[in-house]
Amino acid sequence: MPLDLDEGDGPPSFLDMITTAGYRAATAALRLGVFPALAEGSLPADELAARIDADPRGTALLADVLVACGYLTVDGERYANSPMAGKWLAGGDYARVERFWSTVLFDSWGELETSVRSGTACLDFYAWLAGRPETLERFQRMLSGHAEHIAPEVAGLVPVGETLLDLGGGHAAYPIRLCSANPALHATVVDRPEALNTAAVEEAGLAGRITLRPGDYDELDLGADFDTALLFNVVHGRTAAANRTLLRRVAAALRTGGAVVLLEHDEHPADPVDEAFTRVFSLNLFHGQGGQVYPTREIVDWLLAAGFGEPEVHPLESSPGQSVLIARMGGTR
Ligand SMILES: C[S@@+](CC[C@H](N)C(=O)[O-])C[C@H]1O[C@@H](n2cnc3c(N)ncnc32)[C@H](O)[C@@H]1O
């Protein structure tokens, strides 16, 4: 948080109003390209405005908010990225993550209280995303970037046989890694058509062993006798009732002794910033998808009710606050 205000400065909601406005100004700066424009060095407001193709007075006023909130510094008339903005927001993966989250917060939370009042998601997140190709691309790149980061650890945990079903696995990062390491493995990825990354599978030379199936995993015939099914970051985006039904369908698609593997966020991570993010994430899931970050005990109850054995739970070292759950069909391990 760049702005350092102490509690004596006013009511907490006033401070939150200022930091929210500062974050909205930073979002405008991200969308306008302010931080990359200052990556080479400081600029006066009129030259900055010319670089980002914007109005000079508006740019100066925006830059002053960004200075007040710690995103920029000013020396005389020249504005520069703060070290934090230069490091994280002038380009690269984190700038993409911030653009995704700021769009979610400012463009999709407008009716948040309607969801809370009614108890039903008033936004259809994936339909909302499908109508925003740039945001969809940022979302999928964010997911695949995180998947690449944790895949070495996760792939070491996944029980591998000859067949793998990855539900909601659109970017295909996990099947690509698992099939590359296991020459006998064939994988099927089910996802919405706009999420399936055909190019990544072809680039990996795995089009013959990874089948991409566009469609709804609640509707499609999922097949039978799979050795392994992945449900990574899926159950938190659904209601409890929908998860119970899907887990029964997954159970029917596995052979006896086959494994379902879930990747989920821990309900209460140890780090206080992770805890605060998880609460925001959970509310966002409720508003957009009717889901939430579920307690592990509740997920275990769904698994047992679907015919799986008690799962092994593996907290991830490469992603503190996330765990992999592995449960076998028929209760054998
Ligand atoms: C949070 S992402 C997780 C992606 C990936 N499994 C991972 O962990 O990186 C959820 C994925 O489920 C897909 N999805 C959501 N609802 C779906 C549905 N009804 N049928 C098929 N795919 C769906 C989304 O398009 C998205 O790719």
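On a predicted model such as this, the values are computed, not experimentally measured, just so you know. Indexing begins at 1, ligand by ligand and atom by atom, following the structure's order.
- Residue contacts with ligand 1 for Q140 involve side-chain atoms from C-beta outward but no N, CA, C or O (heavy atoms, distance under 4.0 Å).
- Aromatic pair F308/W302: ring centres not closer than 6.0 Å.
- Distances from ligand 1 to the non-hydrogen atoms of D216 include at least one value under 4.0 Å.
- Residue-level proximity to ligand 1 for A195 is carried by the side chain, the only part with a heavy atom below 4.0 angstrom.
- Between N233 and ligand 1, at least one pair of N/O atoms sits closer than 3.5 Å.
- Partner of H236 under the ring pair (Phe, Tyr, Trp, His ring centres under 6.0 Å) criterion, chosen from F281, F125, F286: F281.
- Classification of the Y174-H171 ring pair by plane angle, with boundaries at 30° and 60°, yields tilted.
- Scanning for ring-ring contact (aromatic ring centres under 6.0 Å, His included) contacts around Y94 gives W88, with sequence neighbours left out.
- For the 3.5 Å distance criterion, the side chains of H186 and E162 fail to qualify, holding no donor opposite an acceptor.
- In the model, E275 has a side-chain atom that pairs as donor or acceptor with a side-chain atom of H268 under 3.5 Å.
- Aromatic rings from W101 and F139 are positioned such that their centres are separated by 6.0 Å or more.
- Any N or O atom pair closer than 3.5 Å counts here, and A147 shares no such pair with ligand 1.
- Distances shorter than 4.0 angstrom occur between a heavy atom of G215 and an atom of ligand 1.
- Residue G168 has at least one nitrogen or oxygen atom sitting less than 3.5 Å from a nitrogen or oxygen atom of ligand 1, judged on distance alone.
- In this structure, H146 has no ring-ring contact (aromatic ring centres under 6.0 Å, His included) partners at least two apart in sequence or on a different chain.
- A donor-acceptor pair shorter than 3.5 Å can be found between the side chains of D64 and Y79.
- Taking 4.0 Å as the cut-off, H171 counts as a neighbour of ligand 1 on heavy-atom distance.
- With hydrogens left out, the protein atom closest to atom 3 (C) of ligand 1 is F232 O, 3.5 Å, a heavy atom.
- At the top of the distance list for atom 23 (C) of ligand 1, counting protein heavy atoms only, stands Y217 CE2, 3.4 Å.
- The residue from L143, L196, L136, D191 that puts a heavy atom closest to atom 27 (O) of ligand 1 is D191.
- In terms of protein heavy-atom proximity, atom 10 (C) of ligand 1 is nearest to Y126 OH, 3.1 Å.
- Here's the thing with D166: none of its N/O atoms is less than 3.5 angstrom from an N/O atom of ligand 1.
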